Structures are given as structure tokens and as C-alpha cells.
There are 2 protein chains.
Amino acid sequence: MTNSRRSRSASAEDVAKLAGVSRASVSRVFSDQGNVARETREKILQAANELGYQVNFLAQGLNRKRSQLIGVVVARLSDPFRSSLLEGLLSEIQRKGYQALVTEVRDANELEVTIRRFTQFRVSGVVVTSGQPPADLVKECVQHNIPVVGINRHMDIPYVDFVCSDNKMAALLVAEQFVRSGCSSIAWLNYRESTWSGINRGEMFRQVMVEQGVCDEGDLLHVTADIDGYEGGRLAAHRFCAQGKTVDGVFCANAQLACGFLDGMRENGFDAPTDFHIIGFDNTPQTAQYSYRLTTIHQDVEETAKRVLSCLEARGQDPHIDQCIEEIPVKLVIRNTSPSF
Amino acid sequence: MTNSRRSRSASAEDVAKLAGVSRASVSRVFSDQGNVARETREKILQAANELGYQVNFLAQGLNRKRSQLIGVVVARLSDPFRSSLLEGLLSEIQRKGYQALVTEVRDANELEVTIRRFTQFRVSGVVVTSGQPPADLVKECVQHNIPVVGINRHMDIPYVDFVCSDNKMAALLVAEQFVRSGCSSIAWLNYRESTWSGINRGEMFRQVMVEQGVCDEGDLLHVTADIDGYEGGRLAAHRFCAQGKTVDGVFCANAQLACGFLDGMRENGFDAPTDFHIIGFDNTPQTAQYSYRLTTIHQDVEETAKRVLSCLEARGQDPHIDQCIEEIPVKLVIRNTSPSF
DNA sequence: CAAAACGCTGAACACGTGTTCATTTGTTAA
DNA sequence: TTAACAAATGAACACGTGTTCAGCGTTTTG
């Protein structure tokens, strides 16, 4: 098949020579632009096939001043929700014909150099799944016409779009569920140094509880975990029990905390749903398992990813449209820890 | 700071003009190659800083015929071990100054077009964490001097390196642990259509059990799950109990299966370690949690990632060195389901 | 002191594409 | 038959780098 012994890969020049046409026509065929006669197209395609020709994306990007790459900033993939979000983004990015440039970032400082690297690759867009995009850097992106989208966070940065699960809707669903099942003493569990979305979820929940008349102002019990994740939730439960407190219903900022809190309570002799109800955020696989059967708020990762990409493409088209803030509806998945009736 | 009103980003040409030198010297400074006088270097750096100059990686890659990208093929990130492996790879890739081009792949067909895309970006290397690299495509990579490394798999493809956890060592550790705790009736649990590494782990285990005289040839009980993951393990346990079988010790091909099997046995009234012992593969966060406290084989993700990159760089240097196959030592993490004594 | 060596610099080329512009060819309308 | 027009094509330029080569001034060497 490939009978060129050179290890160097074939260029459009080579294809043109073999097909007996000009390089411009080859380019026209592969970039699907401009007119080219049926006959010529076929000759070119056959020559390309014979030589195993593939467009050089670096040269293409250099010329177009834009690569078909999309930069994705992630953090803490050990959190199952994070990794499922990344999975959804990857899937949608590939479906749209882009390639994902993924970087893991630990502190805000790293985020800055990361985004800068993205610009050096002339990415078509940047997706920030965690952390706050530094305002001045974003301005730089806007200047280079690079769209930036943040996930699960709202901020007032001009020309930067945000896609976020509907935390107010989640709060409503949970409040209704608690009321329906007769819970009266209700707590909110969150990590001390929570993310923006964690804090927002708590704020929305407090607000709804007051609106629904379940709690008085400032009456919602806050339980704070000193470390994040499963162990944080577990230790919080232990301290909670040691202080002799009790609750009817607990709403948790994420699934890890919820699982940990439930296990912590179990270690102290309390179980759900017999002794109390508990609802978590992020419908991770673990929450569905036999040991937990946790009632949770489900975030629609696929829809989120879709909206993210449509935002990117819209702003790639016209960089100066108004800031777009999308709220993605959530679902309440009812399992054992806060059952149907 | 940036007083150029053009949205176009500054090029080396602009820097050279501002610093009053030639563009070649600018290139020399930023590629850290060749000699350049201290004084000139400082002038250039200051001008670059003033213009916010950043090297264009597309142009750089085009010229060097190699980008500082590394293609990573992943699959099923919902498996916590997979995502932790990706996390380790990302971390090491960035530490070495590369950028990760991540693609999720579902079937072998996708893998082919994916790797082809990687070559179009002139990546410095390809890491395949899942699936079997198609031989002819790999040949193409070799021809273009693109190193390919596979993880948790061995194959006899010339010029392709493999990094794999030491499954024989894992089998030995588990066998010893079972013997030490007096287990005599032992089973191996795996998914029916398991991955290469799953199959290899089972084969090594069987081999070691015979060598150690624990089982006779063909005597090791195989339990197969019809679906993968947690639910597969759980259903396998139900069927196992329904058939009235019993065991002392169970070794599982991965953590998800192990958790599922344990929960399935519990639903049938059997628990570990009182009624039987169980050991899993992949020391995922979940296995450490209160509800499981699973004894597992721990794979050293960081070390794996390090070896992967050193393989890539070695073969990038000289494409024709012998195939390198690395076995990464594993550890036995002892918890409740197969306790110390 | 002449010659050789060395450090530094700029001009010019190559990398592989997309795109513009002028030119040629083939078709339709007047 | 001619003019007008649309479709197809190739030459040439631009994108932003790395690198080679020759030239220059300065220092070392014999």
C-alpha cells in the first residue's frame, strides 16, 4: 500500500504531484471548501489514499489561527462525579469533531499557567470545571477570541459563559421530599472550605426552607466537615453524635460526604431511613449500591456537556454576544435513605 | 501593559523589532538553544514581557515535526481505578512539560481513528490504557517515530513498550495470605468478557495456587460474572448462593466486582471475614470505606506513570531499542475482609 | 604578530497548510 | 456569433517558528 520508503509522512504536495493537480486543489478537497470537479476530487482522494495522506493539524491550525483543540481544566478526578463529568465532556467534544487537551490543576496559580498554555495551542475554547478563572487572564482569552466556559459556578465576568446545575430546583425537590416524609428537624452538611457550588447549594437550600416555612430564618442546622470527602462526612457524624444532637433529615453537598456521614451514623447505631433521612448531591454509582441505596440529586452530565459546547461554538462565532448563563434541570432519585412515603 | 491594540497576538517578529534585534535571536532565547549574549537576552526578555509574547506551539511543532503533546487513550472513566490511573498519567505528563491529548474510546474501531488523529497532531507519544493497539496502525506510528506504550497488558509487538502491574506477585501475595489464614476452598471471580489484565491475573493466580500446592490442577473454582462492575459481582454472589456453593476465600479481578460480590453475599446472610475471606484488585477509595474495609492488591499508579513516560522518552530518543516490558511491584493492603491473622 | 579559534548575530530557508486572485474553460443568454 | 457569466484551476502569499550558514569582532595560541 504505502510504497514510499521515506519515513516522512506524505504532504499535500506529494498528493498533488501524484494526482497531477495543484496543491491548492488538494487543500480544497480536504478542507471541504470551494469548488472542485467531481473527477479531480476522485483522482485526489485516490492518490491520498494510496499515500496514506493525513492533514497536518499543526500546519492547519497555524494557518487558520485556531486549532480544533478544546482545553479542559479538571481537578480531583478521584471524586467520581468529577470523572463522570469529564467523561461526558470528552464524549461531546469528540462528537463535535474536536480534541480534548486535558490539564489537571491543583491551585489557582497553576490554573493561570495552564490557560496560558492553552492559548499557545490556539485552542478553540476553554472549559473550566473547577476553580475560578482569573479575570485578567480571561480578558486575554477574550482578546484572542478564545471562548471560556465555567461549569457549576456563576460569576460576573463579561463574555464568559457559565453552565450550572439548577441548585434552586434541587433545594426545592429536597425540601418537598423532606416535608412529604414528615421531617421537621433538618440539617445541611458541607465541607468547611467548600467549592462555589457547594456553598451555593447550601444557600439555596436555606432560602427554600425558609420560603416553605419549614425553618425560621437562620434556623437551619449547619454541620460542617473539617476534611472533604468520605472521611470528612464520617468524622462529622461522629462529632455530631458525640455532641448528643439529633436530626430528622440531612441534605449533603455531595455524594462522598453523604456516604461518609451515613456510615458514621451507622457506627453510632443510627441508620437511615429508620432513624433519620438523608439525601445527597451527585448521583454517583456508589450511591446506588446495596450498602447505601442513597436518595440523591442527579445532575444531568450529558446535557451539561451539550450546553457547554453550544456556548463555546456560539461565542466562537460572535465573541461579543451577551453573557450566557444556563441552569440545567436536576432530578430527585428516590432510594432507601429517604423513601417514597 | 499590553499597548498593542491589535487582537492578534504578538509574534517573535514583533519582539525582535521592539528589542532591536533579529528574529533569530528571539527564537534562540525561547528555545534555549545556541549562544546569545547576556545583554541581548535581557533586552529580548523585557520586550517579550512587555508584549505578552508567548511561543506559538503550532508553529513550533510544525517546524520541529513534533509537538509537545502526548496522546492518551482511556476507556470507562466511571471505573475509579481508571480515573485514578488517568490522574497519575496527567500529573506525570505535566511534570515532564508535556500536554495530554485525551480521547475516550469505546470499541477497537474508534481506537484506530483516534490514534490516527494523534499522529495528525504529531504527538510525542501515545499511551494506550485500554484495548489492544492495532498492529498495522502501530507500524505506522513506528514509521513516523511516534513511541507507543500500553498499560496493564503485554503483547509481542515490535517497538511497542508495555508497563504492567506485577500480576504474578499479586497472585503470590494473595495465595500466601489465604494460606496463612487457613483458607482451603478458594475461588477466583472475574467478568465473563474481561480485559487482558483480568484474564492474566486469573491465570497467574491459578498457576501460583497449583505451585503452592493449595489446589490441584484445574481445581480452582472459577466464578464468572455476566456483567461487569458492582452489579456483576452482586448477581454472581446471588447465583453462587442459590447453587448452594460455599468458599473460604475469594480473589476478585477488580475492586468493583469485589464490592458487589461482598454485598451480594451479605444479602444472603454471609459476611466477611466471619463466613469467608475476600480480596480484591485495585485499591480504590471505596474499598477503604467503613462498609467494606476490603483487603486489596494496591497498584502503584505513580510509579506506573513514571515508567510510562521514561519508556516514551527513551524510545523517542532511539526508536529501534529493544521492546521494554516493565513489571510494577504491587502491595497487599490488609483490611477487615481478610484480616492479619 | 599572524593565524586560528570562538562567541555572537542576521539573512534565508523549510515546515505544511488555507486562501486570494487571476486565468482558463465551459455554458447560457442576447 | 458574441457577450456575459459561472465553474474550475494554479501561482503566490501568509501563518510563526527552528535552524543552517556565512559574516563579524574579539580572544587565544603558536
Side-chain angles (χ1 to χ4, degrees), chain A residues 4 6-44 47-48 51-69 117 119-124 144-145, chain B residues 4 6-44 47-48 51-69 117 119-124 144-145:
Chain A
S4 90
R6 293 287 300 117
S7 85
R8 178 183 135 279
S9 33
S11 72
E13 184 77 44
D14 304 331
V15 176
K17 205 161 293 177
L18 179 60
V21 299
S22 79
R23 201 184 52 69
S25 294
V26 178
S27 175
R28 271 187 275 263
V29 167
F30 280 91
S31 63
D32 233 13
Q33 215 130 8
N35 293 323
V36 47
R38 239 181 75 115
E39 191 185 359
T40 338
R41 155 172 280 115
E42 279 171 9
K43 266 194 306 183
I44 290 175
L51 266 57
Y53 170 71
Q54 305 283 127
V55 175
N56 182 328
F57 285 154
L58 298 176
Q60 182 183 71
L62 172 61
N63 188 309
R64 289 187 174 161
K65 300 182 202 308
R66 192 150 315 281
S67 68
Q68 44 180 328
L69 294 172
R117 284 221 180 151
T119 68
Q120 296 188 257
F121 274 109
R122 300 294 186 263
V123 295
S124 292
H144 294 302
N145 277 358
Chain B
S4 92
R6 294 287 299 117
S7 85
R8 179 184 135 280
S9 34
S11 71
E13 185 76 46
D14 304 331
V15 176
K17 206 163 291 178
L18 179 59
V21 298
S22 82
R23 199 185 52 69
S25 293
V26 177
S27 175
R28 273 189 273 263
V29 167
F30 280 90
S31 63
D32 234 13
Q33 215 128 8
N35 293 324
V36 47
R38 240 181 79 114
E39 193 182 0
T40 330
R41 154 170 281 116
E42 279 172 6
K43 267 194 306 185
I44 290 175
L51 265 58
Y53 169 72
Q54 308 282 128
V55 174
N56 182 329
F57 284 154
L58 298 177
Q60 183 183 72
L62 173 60
N63 188 309
R64 289 187 173 161
K65 303 181 200 308
R66 189 150 316 281
S67 68
Q68 44 182 326
L69 294 172
R117 283 220 181 153
T119 69
Q120 296 188 258
F121 275 111
R122 300 293 186 265
V123 296
S124 293
H144 294 304
N145 277 359

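This one's a predicted model, so the numbers in the text were calculated from it and none came from an experiment. Chain identifiers are assigned alphabetically (A, B, ...) following the order of the sequence lines, protein sequences preceding nucleic acid strands; residue numbering begins at 1 within each chain.
- Within the structure, a side-chain polar atom (N or O) of A:Q33 is placed less than 4.0 Å from OP1 or OP2 of C:dT19.
- To the nearest 0.5 Å, atom CZ of residue B:R66 and atom CZ of residue B:R122 are 8.5 Å apart.
- If you measure from atom CG of B:N63 to atom P of C:dC15, you get 9 Å, rounded to the nearest angstrom.
- More than 12 heavy atoms of other residues, nucleotides or ligands shown are found within 6.0 angstrom of NZ on B:K43.
- Per the geometry, CD belonging to B:Q54 stands 14 Å off P belonging to D:dG16, to the nearest Å.
- Look at CZ on A:R122: it is 12 Å from P on D:dC15, rounded to the nearest Å.
- For DNA chain D, the residues of residues 19-28 of chain A within the heavy-atom distance limit of 4.0 Å (strictly under) are A:V21, A:S22, A:R23, A:A24, A:S25, A:R28, sorted by number.
- At a threshold of 4.5 Å between non-hydrogen side-chain atoms, the residues A:S25 and A:I44 count as touching.
- For the pair A:L58 and B:S67, the minimum side-chain heavy-atom distance is below 4.5 Å.
- Expressed to the nearest 0.5 Å, how far OG of B:S11 lies from CG of B:N56 amounts to 9.5 Å.
- Note: B:S124 OG to B:R64 CZ = 9.5 Å, rounded to the nearest 0.5 Å.
- At least one donor-acceptor pair under 3.5 Å links the side chain of A:S31 to the backbone N or O of A:S27.
- Annotated stems with DNA chain D as a participant read C:1-30 with D:1-30, given as range with range, by first number; only runs of 3 or more Watson-Crick or G-U pairs under 3.5 Å qualify.
- Ring geometry for A:F121 against B:F57 counts as tilted: the plane angle lies between 30° and 60°, on a 0 to 90° scale.
- Both B:A37 and A:A10 sit near DNA chain C, but only B:A37 has its closest nucleotide nearer the 5' end.
- You'll find the side chain of A:Q68 reaches within 4.5 Å of the side chain of A:Q60, heavy atoms only.
- Taking atom CD of residue A:Q68 and atom C1' of nucleotide C:dG18, one finds them 14 Å apart after rounding to whole Å.
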Which protein N or O atoms sit under 3.5 Å from an N or O of nucleotides 22-29 of chain D?
none

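- For A:T40 and D:dT9, the shortest distance from a side-chain N or O to OP1 or OP2 is below 4.0 Å.
- To the nearest angstrom, P of D:dT20 lies 12 Å from CZ of B:R64.
- For the pair A:N35 CG and C:dT27 C1', the interatomic distance rounds to 15 Å; values are reported in whole Å.
- Between A:R28 and A:R41, every side-chain heavy-atom pair lies at or beyond the 4.5 Å cut-off.
- Taking atom CD of A:Q60 as the reference point, atom P of C:dG18 lies 5 Å away to the nearest angstrom.
- D:dT17 atom P lies 3 Å from atom OH of B:Y53, rounded to whole Å.
- Of all the heavy atoms in B:A59 and A:L62, the pair that sits closest is CB-CD1, 3.8 Å.
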